[in-house]
Every structure is written in structure tokens, then in C-alpha cells.
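Data block below; observations after.
In what follows, every chain begins at residue 1, and chains take the letters A, B, ... in the order their sequences are listed. In this text, all values refer to a predicted model and were calculated from it rather than measured experimentally.
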Amino acid sequence: MSWLRTLAAGAAAPIYPSIGAGMLAEVEQLFASAPGLRRAASPRDAALLLVAGDIPAEARPALDRLHDQLPHPRRTLAWKAGEPSTQISARLNEAWRDLAHGAPSEPDRLPDEPPNPWRGIGPHGQGGKGMMGGTPRGRPMAMTGADIRDGLELDRYTARVGPFAPMLPPGLTLELTLQGDVIVEAHVLSLPFPQPEEADLPALCAARMLRLLGLEGAADRMTRGHAPRAAWIRGAVPAGLGAWPGAGDARDRLDAWLSGRQEGGAPRDPARALPGLEWHEATLLLASFAPGTLRRALAEAQDLQEIPA
Amino acid sequence: MSVLLAAGVLVALALGIWLGAWFDRLAPALEGGRAAGPMAPLRDWAALLIRDQAETEAPDRMNRLLAPAWYLALAAIGLSVVPVAEGLALWHSPVGIVVWGSCEALIVITVFLHGWSPNAPFPLIGAYRYAAIGLPVMLPSMFVLIAAALPAESLSLIAIVDSQRDSWNLVRQPLGLPLFLVVGLTLTLRGPLDFAGGVDIAGGTSAEESGAGLFLWQVARLATLVAFSALAAAVFLGGPLGPLLPGPVWLALKTALVMALTVLAGRLIARTTPSRMLHVLWVWLLPLSFAHLAVSGMVAL
Amino acid sequence: MTDLAIILLALFGVWTGWRVFRVDSMVRASFALMLSFIATAGIGLLLSAPYIGVATVFMMAVEMLVMAIFMVMFMMNPAGLNPMSMVHQHRLSIGAGVVAFAGLGAAVLLSDLPDSPVAPGTDVVAQLGFELLGPSMLIFETAGVTLLATMLGAVILSSRQGRFGMADHGSRPPGLEPGGAPAGRRPEKGGGHGHGHGGHGGHGDGGHGRASDDHGGEHRGHMSDGDHEGHAGYSPDGAMGAPGPEHGATHRTPAKSEHGGEHRTAHGPGHAPQDQKAADAPQEDAAPNADPHAHHRKGTGHDGDDT
Amino acid sequence: MDALLIIAAWTGLAALAAWGMQRQAGATAPLAAPFLGGGTPDTHAWQRYHFRPYTMALVFIAFEMEMMFMYPWAVVFVREGAKALAEMGMFLGILSVGLLYGWREGIFRWQ
């Protein structure tokens, strides 16, 4: 199958970036302009894990989990601040060519243990008893709770999302409880990583929202510094989403960015606004604030909450 | 004869899949990005095929394996009812547009299964979102195809093509193609109607897919693009009708045109939130297709 | 040849029908049933009923998808992660099955089935159309009215948010003049609204059904009150209420506390004992009943306690 | 008969291709874990999933059932002329009432 490997080596390198402190803007520029690189939507679609910038010690376990979710063959590359993007781009391309030609894959970083022991437990060895009991195949089943919109007692799914989730600002970890695709509870576990001021540039902020609206091409175009070519950009953002006094709503902020202005207002405790929102609305809301603004607002809210306790 | 025709459909499908993938790689040029050469789709597929397919935690293994197969098969079945030349289709169904409608309904199920089977949160959200949008999108599709059946006095696609000898349905029923494009974007999981995917859910139903599974899914999406475009070409652009060139060539050209249109629309229109899109579908697009049917009825009388 | 195909399809239909009851996953069960219907549709196709056959596939595909969605929504262990049995009430169902099989079998064997093959080239679909517009017109229009009733019934039974507020809070139109009595018919036992918990629109509903009902239900009314474990008011058009300063302290309360307890913190002190009692009482029978229209029945049923 | 053969052939071919190409080898536990951007879930993702537009789904089924009457109607529309137009107009008129009602009650969105 060497012809298949030769063919594959010529393809764009599929990369999942895990973005650390200070590298958000640079990673975005890299994927918008460097040739031969493709930003994968999830690690399953990637062969290379790009670790950009410094990853704080708290985020290391998450990085290990992410690493192990890349299918074989896989390889990790670190991109430290200061290395020019042409150089990292060349390294990434070379690593992909190696992998395509059969270079060895990296082993798992975490031990091969299920989240809970289950083998041999229960009447059929599936790890559980009865209809809902035990930990069938290693995990318990979700249990019911009342919904905040219509009160139906359906299951609540609790998970921690982030810090390297593609739809959240890098570094932000949320503990979310979902009913269907609506968030019924949200807590901030870790703040977004600090980013340099250039990450707050209007064009980059607008591009992040465009990506969430499915306009990959237009977002790349904005990142490269041109006006986007797309229809229904404003209209696609629901009116009134993420409205704060003095900060307008998400649509206003996108408008401001599209016309090259920095948005002015800051939200108060944005995480509190998440419950009650559908998933897409929630991601749009978080993306409708510049990373720096969002980080400050989340940090302030955390300080506030710690005092009365 | 039938076997030859079936082989022809298969070859056309394969070529169409490659063309669709290439269109996808050409489109960035419109936005000042890089256009890729004709080999690019093959390279991308090879890159998928040399990688492993990751198993998920306690998946519905059978459905995960077969969802791409059903998607692909439905595209091929849908394509089989499209007349390739005047009066000639692989499947001479007297109810061609109902067959296509069934394929649409089953495609929604297939996408749902694809998102359900890995037992992971983002694919699951994608699956349910898509079901919520995919179901009501079928209504405009039915209205549009029924409107096309009025002047033909038949549900057969051969008769519908035949009824366009004097003027194409594109002229008689100008709203038809734009409305049907909405259906096409939904069935091929593209752009403003790609509610099965999206960055906000890390690729949605495909978020846990890798290797050959992802390859098959992408190929099936493109196959559906080909089938949809061929059907749209037959219903609105007169299919194989045309001067000088033989019928199949005309059909191929018109199919390629509709494919390009769909790719463009998918790239240039923003995707709103699912709740809002549901509202748009029922409150705007459904009455619009109602009106479309009424006007087409008047014109046909 | 056709006979063989019909036999094969019938066998496939029976086998997939049997699978419905043997699989653990609701999704697999629904779509196994769909395959069974598709096999039947295939037989229709062979019996020169192309429209009926293909339309069966169309209809059943859509319906089984919706059924799968609802089954997953309301059934315990929907994916069959723990093995389970889909079969209940064995004796009764075996009896019912045998009777149904015998009855239908007898009907097929004893009735005088027509034996007139459709002439090739007949436009069956057009005949169906003429039938609809001719002799069966009344049936056809009746179907329209029936389906309208279905749609209205579905909306009334399952939709909670109506024009005039939550369905289980009475959902009554506003007065004809400002401050007047609500227009429209009064619900038999009186709705939750207008029962004199001045200012607190919905709090009188503490006695409604399950405590969890209010928990979600009063959402709209409470947008600015800052309770409910800290969500800043969702209004249906996606607008976010601005979180006010009073959102501060109550927010970090763990969500899984009893609903009654939360209500105490949420309501003013004057309301607390009464609401606590009202909220606790129905919680006893608050089995996880996820049936959407159960709200309405339960809601009105408990209303008397409160008023 | 042809139709069934065509359907069976395409389905069979596609299933064979899927079966032959895909290899779902048993993955290690960390590789199989669901992707959450580095985070972890508490429970299985499969759950009593809250499908928000449930009322819409019910109304949709009723509406779709009604649409099935329109296919045979379309075939004879031109031949029957005004009569067909009037009848279907009445039929659709009755059903539009249902849609209007649903729209007023706000069912065409996430509940």
C-alpha cells in the first residue's frame, strides 16, 4: 500500500491544536495562512497534536487525555513562543510526512483502565444491576432531574468541557449539566489562559464568531485581514442573545467587530448567563466577548463569589 | 442492459463524488484562499485511510459501522430513479418523487443513527439537532416536488422531464430550485443547514469518527450531493433535454452546475442556532412553499 | 419469482418484527420495526401498488424516527446499557397475540380475495387520485378534519409554553380591560393565576403538581428574582435577562438540594412555611413521571389544596 | 421486481464496502473516552435525551400524513381542474388552521 501512503503524505496535515497561554492569535494566523495544514474539528480527525505555548500544570492531565484521544498514528509537537510560524509549519508538514510513511506512533500517556471497574460485575457481566444501577461498561448512567425550561424530569448529563475544547476559549473549563442540548447548570473550573492583546483584535474576535456560524472560509479571510464574503452574518445571531447593560447584545458586538471597532462593555459574571441557553447559543455568547474581556469578567465573578462564602 | 446502466450509474456516482470533493477544495479560492488541484480529494481520502479508526466507549457497534453504508446506499437508490436519457432510467418508477422523498426520510434516520451510535455527547447533540431540522425540511421538499408533478400529471421523473420540453420548470416555477436547495443543503449536511455538524459541537455526529469510518461518511455525503443535484437537474433544468449533445452529457453538465451552486450556498450562508432555524423553516419557508404550490397550480391550469 | 420475493420479504418482516422485542436498545427496536414495515412496503410494491408501497416507507421512516426519539426520551435505560427485557405481561400478550393471529389468519383464509391482476400500463396512481376527488371525497376531507384535531390535541397536550404563559399555571388570556378579570373560560378548579399572592404572579402554584413543576415553570416570572441556582432568566426568544446585582450569594447553592428547600430561599419569608408545605406534599407522589401532559392533570388536581 | 433488485443491490454493495473497509479494533480506555476538549464526563452520554421540539415533532407527523394525500391529487390535478383546486384548497385550509394555532402557541422552537 505504499502508493496510498505516498498519496497521503501529499495531503494537508491534520492537526488538533491545544492552545496554551499567549498563543491564541498566532495559532489562528497559522491555520488561516500557512499552506498544507488543516485544523481538525476534533482530535479524532487529527494525526498531530500541536501544543502551542505554555500549558499550566493544572491543565496537564487534560492535555494527556486529549493526547490519548488521537487515533494512531499520532505525534505531538510543541510550539514555544518565539518560534516563527514558517518554522513550525515546516515542522508540522515534515512530521505528517513521516507519519504517513509509517513512522512509529506515540503510545498512550494514561494507563489503560476503565473509568470504573465493570468487567465481571452484574448478572451479565456488564457492570451493573437492574435497569439503571451499577456502572455498565465502566460508567454510571445519567439520572433524572427537573428541566429549567419545561420541568420535564428527564436525564441530566454532567461533564467537564475544556480546557482544550474547540468551541470555548482556550483554557476555559466549565462543569456543565445538560438536559438535551440545553445547559441547566454551569460552573467555571478554570479561567481562560491569558492571551496577548492582539488576540482581542476585532478581526480575530469576529472570525471566532463566524467559525461558530459555520463560515470557515469567511473566518479565515477575516483572520488574514480582509472583509468577509458571506450572507446573513448578522441575522444568524439571535437578537437579544447575551445582552448586558452597556455591552449591547451578541449581535451588536459582532457588528462592532465587523466594522473594525473594539467592543466596549464588559459582562458581569458571564457564566451565570449560560443556564437556560441551548448549546449553540451558549458558545456564541462566550465568543461574543473578546478573550481578554471574558477572562477579566470571569475572574471578577469568581472573586465575588469567594467572599460571601 | 440494466446491468450496463447500473454500472454507468456507479461510475457516474464515483466521478461525481470526486468532482464534489474537488469543488469543496476549489471554493476557498473565492475567499482569497488557496485552490487545490484535482488530486487534492484523493490525497485527503488517502490521509484518512492510512489512519486507525478509534473505537468509542460502549458504542452501538453495528449501527456505527453501517450508518455510512445506508447513507451511501440511499444516495445510489435516489440516483437510480433519475432519467439519464429521455425515457431511460435505471429504475422506471411510476412514483419517482415519492421514492426520493423516502430516501430523504431515511437519510435523516441514517444521520441520526450516525450521531447516536458512538455514545458520546457531541455526536448525540448533533444527531438530535439534525432530526429536529431534517424532519420539517422534508415538507418544503414535498411541496416543491408535488408542484413539479402538476404539469407532468405524473409522479414519475421521466414524465416530469418530458413535461419540460417547452420550458423548464426553472422558468415556470422559479421558486422551486431555491427552495429545493435548502433541502439539498440539509441532506448533504452543508453550511447553513449542517445541523449534524459544526464547530460548536466539534464536528457533531462525526466528532468521534476517524479513519475509514470518516472516509466513508464523507464519501456518502458527497454521493448524496451528486444524487440530489442530478434530481434537481432533472426536475428543474430539464435533465437530459438539450440540443446537439447527447442526453447523459446534458444531465452531467446540469448536475455539475447544481453541485457547484450547492457547494457555494453551503459556504457563503451563515448557520443560525437550531431553535431559530426551526422557526424560520415553519414560519417562513413552509408558507413560501405553500404559495409556490398554489402559483404552480395556477400556472399548470 | 415474485412469489419467492414475497415470501422472503414476509420472512424478513417477521424476523425484524421479532427483533423489536429481543433488542435492548430503544433505538434498535424502533428501527427494527421500521425494517419490518419496509418489508411490508416491498410486498406492496410487488402487488402493483407502487404508491402505497413507497408511501409506506416514507411514512414509517418518519414515524419510527419520532417514535425512537420519544422512546429514548421517556424510557429508563434507553440504550440498553444494562440488559433488559422488552416483554411484559407475558400471559396477556401471548393470549392477545394468538387471538390476533387467529383472527387475521381467518380473515385472510375465509374471505373471498379478488383475483384480477392489474393490467400492465394501468396508471394506478391516477386512479387513486380520481378516487380521492370522487367517491372518497368525504373520507378525504374527514381525514383533514381528523388530522387537524390531532394537531390541536398534540399542541394542547404537550406544549407547555402558550400564548398566555405556562399551561400548568392556567395560561389564561389577559383581561379585556386593564386590570380586569382574565378573559376566557375559567378552568374548573381555578387556575393558579389571580389567586392573590400579590406581586408574585406564579407563587400560588406552589401547590401545583410536583415541586419540580414550579421549579421550571416559574422561570419566566422569576427572571429578576435571582433564584433557581443562578440562571439569569431565559426568555423564549433567546434573550438574556441582564443578571442583576442580587444574583450574588444564593447562586452557589448545590443544585441537587431538595426542591422544597430551594423554594424557601427563593420566596420571601412570609411565604415560606406555606410554600414549603405545599411543595412537600405532592413530592411524595412525584414518581419520575415524564409525561408532558401529566403536568396539567396533576396541576389542577392539587390545586384545591392551595386555595 | 426490478425495483427490489436495485434496492437490494445498492444496499448490499454499500454494506459490504462498509464492512470490508472499517476495522473497529478494541481501543484502550483513554483512546475510547468521549471527546470533551480534555474534560471528563460523569455518566454515559446515552440518556433520556430531552428532545426540545417535541410538540413540533407531533404536529409534523400529522402534517406529513396529510401531505401523502397530495401525491395522488397532483397526478389528476390538471385533468380535474378547478374541482381539484377547490378540494385541495379546502383540505389545506383546514390544516393551515392547525399550523397557525401551533405557531401562536409557540411550538416551532426549542421548548
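The OG1 atom of A/Thr158 lies 8.0 Å from the CG atom of A/Leu178; values are rounded to the nearest 0.5 Å. Note that the CZ atom of A/Arg221 and the CZ atom of A/Arg229 stand 4.0 Å from one another [nearest 0.5 Å]. Expressed to the nearest 0.5 Å, how far OG1 of A/Thr135 lies from CG of A/Asn116 amounts to 5.0 Å. Considering CG of A/Asn93 and CH2 of A/Trp96, their distance stands at 11.0 Å, rounded to 0.5 Å. Within the model, atoms CZ of B/Phe228 and OG of B/Ser141 stand 9.0 Å from one another, a figure rounded to the nearest 0.5 Å. Separation of atoms CG (B/Leu170) and CZ (B/Phe236) is listed at 8.5 Å; rounding is to 0.5 Å.
Taking the side chain as every heavy atom from C-beta outward, B/Gln218 and B/Glu209 never approach each other to under 4.5 Å. Residues B/Gln53 and A/Pro71 fail the side-chain proximity criterion, which asks for heavy atoms closer than 4.5 Å. A heavy-atom distance below 4.5 Å is found between the side chains of A/Leu258 and A/Met222. Under the 4.5 Å side-chain criterion, counting only non-hydrogen atoms from C-beta, A/Leu241 is not in contact with A/Arg251. Side-chain atoms of B/Thr272 and A/Trp232, non-hydrogen and from C-beta on, do get closer than 4.5 Å to each other. For the pair A/Leu215 and A/Ile233, the minimum side-chain heavy-atom distance is below 4.5 Å. Contact annotation: the side chain of B/Leu286 never approaches that of B/Leu281 to less than 4.5 Å [non-hydrogen atoms, C-beta and beyond]. Using a 4.5 Å heavy-atom threshold, the side chains of A/Asp255 and A/Val237 count as separate.
Between A/Arg44 and B/Glu208 a salt bridge is recorded (basic side-chain N to carboxylate O distance below 4.0 Å). Using a 4.0 Å cut-off between charged side-chain N and carboxylate O, A/Asp147 and A/Arg156 make no salt bridge.
Below 4.5 Å, heavy atoms of chain B meet heavy atoms from A/Val161, A/Pro166, A/Met167, all part of residues 160-167 of chain A. Proximity to chain A at a heavy-atom threshold of 4.5 Å picks out nothing from residues 178-193 of chain B. Listed by sequence position, B/Pro121, B/Phe122, B/Ile125, B/Arg129 are the residues of residues 113-131 of chain B in contact with chain A, using a 4.5 angstrom heavy-atom cutoff.
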**Asked** Could you walk me through whether A/Ile15 and A/Arg39 pass the side-chain contact (heavy atoms from CB on, under 4.5 Å) check?
**Response** CA-CA 5 Å; A/Ile15 302 160; A/Arg39 185 173 181 172; over 6 Å; no

**Prompt:** Checking side-chain contact (heavy atoms from CB on, under 4.5 Å) for the pair B/Arg51/A/His72: CA distance, chi angles, key distance, verdict?
**Reply:** CA-CA 6 Å; B/Arg51 275 183 285 150; A/His72 298 285; over 6 Å; no

**Request:** Before giving the answer on salt bridge (charged side-chain N to carboxylate O under 4.0 Å, His left out), spell out for A/Arg74 and B/Asp52 the whole-Å C-alpha distance, their side-chain angles and the decisive distance to 0.1 Å.
**Result:** CA-CA 10 Å; A/Arg74 63 189 172 205; B/Asp52 278 4; over 6 Å; no

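Neither the backbone nor the side chain of A/Ala40 has a heavy atom closer than 4.5 Å to any heavy atom of chain B. Using a 4.5 Å cut-off between heavy atoms, A/Leu284 touches chain B through its side chain atoms alone. For A/Ser105, no part lies under 4.5 angstrom from a heavy atom of chain B. Contact of A/Pro35 with chain B is made through backbone and side chain together, with heavy-atom distances under 4.5 Å. Only the side chain of B/Arg276 comes within less than 4.5 Å of a heavy atom of chain A; its backbone N, CA, C and O stay farther away. The contact between A/Arg38 and chain B is made entirely by side chain atoms (from C-beta outward), counting heavy-atom distances below 4.5 Å. Contacts between A/Pro136 and chain B at a heavy-atom distance below 4.5 Å are absent for every atom of the residue. Both the backbone and the side chain of B/Asp44 have a heavy atom closer than 4.5 Å to some heavy atom of chain A. Neither the backbone nor the side chain of A/His226 comes within less than 4.5 Å of any heavy atom of chain B. There is no contact between A/Asp220 and chain B, counting heavy-atom distances below 4.5 Å. Interface remark: B/Leu214 contributes side-chain atoms only to the contact with chain A (heavy atom separation under 4.5 Å).
Comparing B/Gly198, B/Ala202, B/Pro28 by how many heavy-atom pairs each has under 4.5 Å with chain A, the most go to B/Ala202. Counting heavy-atom pairs closer than 4.5 Å to chain A, the top residue among B/Met277, B/Glu57, B/Arg271, B/Met39 is B/Arg271. Counting heavy-atom pairs under 4.5 Å between each of A/Ala159, A/Ala32, A/Ala12, A/Gly235 and chain B puts A/Gly235 at the top. Between chain A and the residues B/Arg267, B/Arg34, B/Arg43, the most heavy-atom pairs under 4.5 angstrom are made by B/Arg43. When the candidates A/Gly214, A/Ala231, A/Ala230 are compared by the number of heavy-atom contacts under 4.5 Å with chain B, A/Ala231 comes out ahead.
Scanning both residues, A/Leu285 and A/Ala273, for their nearest heavy atoms gives CD1-CB, 4.4 Å.
Partners of B/Trp18 under the ring pair (Phe, Tyr, Trp, His ring centres under 6.0 Å) rule, at least two apart in sequence or in another chain, are B/Trp22.
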